[in-house]
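Contents: one structure, followed by commentary.
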Protein chains: 2
Amino acid sequence: MDNKKINRRVKYTRMGLKDSFIKLMKAKPIRRITITEICEEADINRATFYSHYTDQYDLLRQIEQELVDDINEYLESYRFNEDESQFLQMMEKIFEYIKENAEVFTVLLSENGDRNFQKDVMMIVWNRCKDEWAAKKSVREEIAQYMYTYVASGCIGIILKWLQSGMDKSIHDMAVLVSKMTNQGLSVLV
Amino acid sequence: MDNKKINRRVKYTRMGLKDSFIKLMKAKPIRRITITEICEEADINRATFYSHYTDQYDLLRQIEQELVDDINEYLESYRFNEDESQFLQMMEKIFEYIKENAEVFTVLLSENGDRNFQKDVMMIVWNRCKDEWAAKKSVREEIAQYMYTYVASGCIGIILKWLQSGMDKSIHDMAVLVSKMTNQGLSVLV
DNA sequence: ATTTAAGACAACGCATTGTTGATTTTTTAT
DNA sequence: ATAAAAAATCAACAATGCGTTGTCTTAAAT
């Protein structure tokens, strides 16, 4: 009947731990964050932490996973215009989402965050654009894989820089820039 | 007189610790590597470790720094042909260097490695090519910064994929691919 | 050969860890 | 409303790793 299998109490406890953790992540690298600390901050017993997560890294991964699921849901809800470049439209939405969650993204994508999260975020774009790109594909799948890797890494890099520069450029400008770089590379300079 | 300020003994001890550490890095994430473990493996007293490094992360950073310095030296020694694209030539040399040190690069650039090292490696290329790029620059410095970030991140991403694919493509092919992506983006697909 | 620096070793108090079992509180199902 | 189930609390545990100390031994530089 009720698909919210997790009851309020559990949800609330986890929320407390997550908030406390993000707060600490802003202040110091994850390796310096102890479970004891997280629990003190959240005012939750340490044994309770262990009944939900195995360690800090497990907690981090779960936070990341929820975020990835949420972006996907967010993109799902949006109908893209078939005529325009899907990539550009999607990047706009992604920048939009990231801006709305700038705080947590800054923490998770920065040096403290782990590379798997980067990969997951890259995969969101890649999975949704591969059809568009595949249409005009003239190289072997193997080579194409390398190209997508380049593109996805470039996107993450630029997103991170944008966050660290205090989101000084507009969402639209950024989406256009990323789109241009992806499609034309540095040749746009000339 | 003698510019090798560090005597043999120190050098040897540090080498032991580094080797031991790299060995452990292959097996598990850095957060699971204890100093006790490093010292046991290297058969060096724990107190000795502390007289050289503050912790695992300090040791890692020093290994990385030495590698970065070494690449720079390696590139320095090589005269580039002014007529051709400096970027392409430099990428060839970098792929060459990485292949020669594939083992350690695989470890340091993978999920266990830290983002600062990525950045450092990116900076090597960027510092040596910015003049070439600046010549044809038609955008504001501010925007250019974003573009370089994209490119540098893309390069690292593709290098890492290459390493993880067991360096299945030749150095030359990779250099050409990276160069194409950087200069023309996905438009090479058409 | 003498001085200087590096490393070995044992020992320390301290913090964090992961787990336990008993107890209380909240949620859910009847 | 009440009983049963699930979740969180708490205190206590041994184990491990931490970082530092002082003393002693060994190697290197002059």
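These numbers were taken from a predicted model, which means no experiment stands behind them. Below, read A as the first sequence line, B as the second, and so on, with proteins coming before strands; counting in each chain starts at 1.
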If you compare every side-chain N and O of T36(B) against the phosphate oxygens of dG17(D) (OP1, OP2), does one of them come in below 4.0 Å? no
Quick one: N45(A) CG to dT19(C) P, roughly how many Å, whole number? 14 Å
Between atom OG of S153(A) and atom CD1 of I156(A), what is the distance when rounded to the nearest 0.5 Å? 8.0 Å
Please tell me which of the listed nucleotides, dG7(C), dC10(D), dA8(D), lies nearest to the side chain of T48(B)? dG7(C)
Using the six-membered ring wherever Trp is involved, compare the ring planes of Y53(A) and F49(A) and label them parallel, tilted or perpendicular (cut-offs 30° and 60°). tilted
Nucleotide nearest V10(A) (side chain, heavy atoms from C-beta), chosen from dC18(D), dA7(D), dT17(C): dA7(D)
Write down the distance between CZ (R31(B)) and C1' (dG17(D)), rounded to a whole number of angstrom. 17 Å
Contact under 4.0 Å: H52(A) side-chain N or O vs dA7(D) OP1/OP2: no
Distance check needed: dA7(D) C1' versus L17(A) CG, whole Å only. 13 Å
To the nearest 0.5 Å, tell me how far R46(A) CZ sits from S51(A) OG. 12.5 Å
Between dT9(D), dT17(C), dC18(D), which nucleotide has the shortest distance from any of its atoms to the side chain of I35(A)? dT17(C)
Test side-chain contact (heavy atoms from CB on, under 4.5 Å) on I143(B) and K169(A); report intermediate values, then the result. CA-CA 9 Å; I143(B) 304 290; K169(A) 303 262 157 284; 3.7 Å; yes
How close or far is atom P of dC18(D) from atom OH of Y53(B), stated in whole angstroms? 16 Å
Assign each of Q56(B) and A47(B) the nucleotide of DNA chain D bearing its closest heavy atom; nearer the 5' end lies the nucleotide of Q56(B)
Of the nucleotides dA28(D), dC18(D), dA8(D), which has the atom closest to the R9(B) side chain? dA28(D)
Counting side-chain heavy atoms from C-beta on, which of dG17(D), dA8(D), dA8(C) comes nearest to I44(B)? dA8(C)
Separation of atom CZ in R8(A) from atom P in dA6(D), rounded to whole Å: 18 Å
Residue pair R32(B)/Y12(B) against DNA chain C: nearer the 5' end by closest nucleotide is Y12(B)
For atom CG of D43(A) and atom C1' of dA8(D), their distance in whole Å: 12 Å
Whole-Å distance between dT28(C) C1' and K11(A) NZ? 16 Å
Regarding the side chain of Y50(A), the nearest nucleotide among dG19(D), dG18(C), dG7(C) is dG18(C)
Give me the ring orientation class for F95(A) and W162(A): parallel if the planes are under 30° apart, tilted from 30 to 60°, perpendicular past 60°. perpendicular
Would you indicate which nucleotide in dT27(C), dA8(D), dG18(C) comes nearest to any side-chain atom of R46(A)? dG18(C)
Check the distance between dT16(C)'s C1' and D55(A)'s CG and give it to me in whole angstrom. 13 Å
